[in-house]
Number of protein chains: 2
Amino acid sequence: MFIQIEPQSDVPIYEQVTRQIMEGIARGEMKPGDTLPSVRNLAADLGVNMHTVNKSYHELEEKGIITIRAKSGAIIRSTEERSLTPEQLQQIEKNLKPVVVEGMVLGATVEQIEHMMKKVFSDLQIPVEGV
Amino acid sequence: MFIQIEPQSDVPIYEQVTRQIMEGIARGEMKPGDTLPSVRNLAADLGVNMHTVNKSYHELEEKGIITIRAKSGAIIRSTEERSLTPEQLQQIEKNLKPVVVEGMVLGATVEQIEHMMKKVFSDLQIPVEGV
DNA sequence: GTGATTGTTATATAAACAATATAACAAATA
DNA sequence: TATTTGTTATATTGTTTATATAACAATCAC
């Protein structure tokens, strides 16, 4: 598995797992319909507890990114299934706000933040116009 | 004071204080050289503990946004004093990444995220070209 | 100079959160 | 049928968040 846990990080382990799975999906390493490893298997791979991975999976389900079939497994939803709802857009904006505000206060320009945003895209090897 | 605390929020109180002070600075309601209220006064205003506000002030100092003069007060640093360091730029990018990745996975386009970013700017009544 | 205010430091407590450890259950799968 | 799966439950440990008091020394207003 591509997930690397940093135990010293201020980001909780379950959150690290959630983010790195999202990155894997964004990179195209994991595609809609693909099954995630069982919570026990992934936990064993990462050397963490089963419940920690389970919490991550449920976080992903709440975000609308995967579907957990009880007693079976977790499947990555297709982009159609997870068509961006107004609530999700609002959530993204809510997440974006404090980051942008901090950037502004520190003196970053719109262009600089825009550039960083596109850099995140390109780092994930997703082609973006003008980069 | 313009700060509104939501006790039920999943965002810690000290973090809410930090963010809303940054918003106040971004809006221009508070300018470089201005003094922040004493930790005791602000805590009394908000109905929270002194240490909670103190933690927020130290977070702002660590971010390079204010200067705390021991036994005197906290002052908002000028934009010149806090000229964007490479470390700060890197920090902003680090903060930006998970938000952008989640947006991507949920199916948001670069343009949509860009639009939200500029909306945050305009909501803070900072003039931005092309908005 | 006196007294109030300031950030600092220390200690203590309570609640919530994060993470682990075991264990048992019932549905799904091979 | 036996294994694997997510689910649920209980318990423990450590960290974080938040509050409550208190005392200290530097600063500030009068």
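Chain identifiers are assigned alphabetically (A, B, ...) following the order of the sequence lines, protein sequences preceding nucleic acid strands; residue numbering begins at 1 within each chain.
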Cluster check B:Ile65, B:Leu89: I/L/V/M/F/W/Y, side chain < 4.5 angstrom = yes
If you look at every strand shown and take non-hydrogen atoms under 4.0 Å, does B:Asp10 touch a base, only sugar-phosphate, or nothing?
-> nothing
Check: B:Thr85 main-chain N/O paired with B:Gln88 side-chain donor or acceptor under 3.5 Å = yes
Are A:Tyr14 and A:Leu60 co-members of a hydrophobic cluster defined by side-chain heavy atoms under 4.5 Å apart?
-> no
Pairs under 3.5 angstrom, nitrogen or oxygen only, protein versus nucleotides 10-18 of chain D, please.
unit_1	atom_1	unit_2	atom_2	d
D:dT17	OP1	B:Tyr14	OH	3.0
D:dT17	OP2	B:Lys55	NZ	2.7
D:dA18	OP1	B:Ile13	N	2.5
D:dA18	OP2	B:Ile13	N	3.4
D:dA18	OP2	B:Tyr14	N	3.4

For B:Asn54 and for A:Ser72, find the nucleotide of DNA chain C with the closest heavy atom, then tell me which residue's nucleotide is more 5'.
-> B:Asn54
Answer with yes or no whether A:Arg40 presents, from its side chain, a donor or acceptor under 3.5 Å of a partner atom in the base of D:dG6.
-> yes
Got a sec: does the CD of B:Glu61 have more than 12 other heavy atoms crowding it under 6.0 Å?
-> yes
Per nearest nucleotide of DNA chain C, the residue lying toward the 5' end, B:Val39 or A:Ala70, is B:Val39
Describe, as an angle rounded to 10 degrees, how the axis at the first end of the helix from C:dG1-D:dC30 to C:dA30-D:dT1 is tilted relative to the axis at the last end, five pairs per end.
-> 40°
Return yes if some donor-acceptor pair links the side-chain N/O of B:Asp34 with the main-chain N/O of B:Lys31 below 3.5 Å, else return no.
-> yes
5' to 3' on DNA chain C, which nucleotides open and close the contacts with chain A (atom under 4.0 Å from a heavy atom)?
-> C:dA18 to C:dT29
Under the side chain to side chain contact (heavy atoms under 4.5 Å, CB included) criterion, do A:Val101 and B:Leu124 qualify, and how do the steps go?
-> CA-CA 9 Å; A:Val101 168; B:Leu124 295 169; 3.8 Å; yes
So, B:Glu102 side chain and A:Met22 main chain: donor-acceptor pair closer than 3.5 Å or not?
-> no
Is the shortest side-chain N to carboxylate O distance from B:Glu114 to B:Lys118 below 4.0 Å?
-> yes
Report the distance from atom CZ of A:Arg69 to atom P of D:dT5, rounded to the nearest whole Å.
-> 13 Å
Side chain of A:Gln91, backbone of B:Gly103: donor and acceptor closer than 3.5 Å?
-> no
Does the B:Glu15 side chain pair with the main chain of B:Pro12, one donor and one acceptor, at a distance under 3.5 Å?
-> no
Salt-bridged, A:Glu23 to A:Arg19, with N to O below 4.0 Å?
-> no
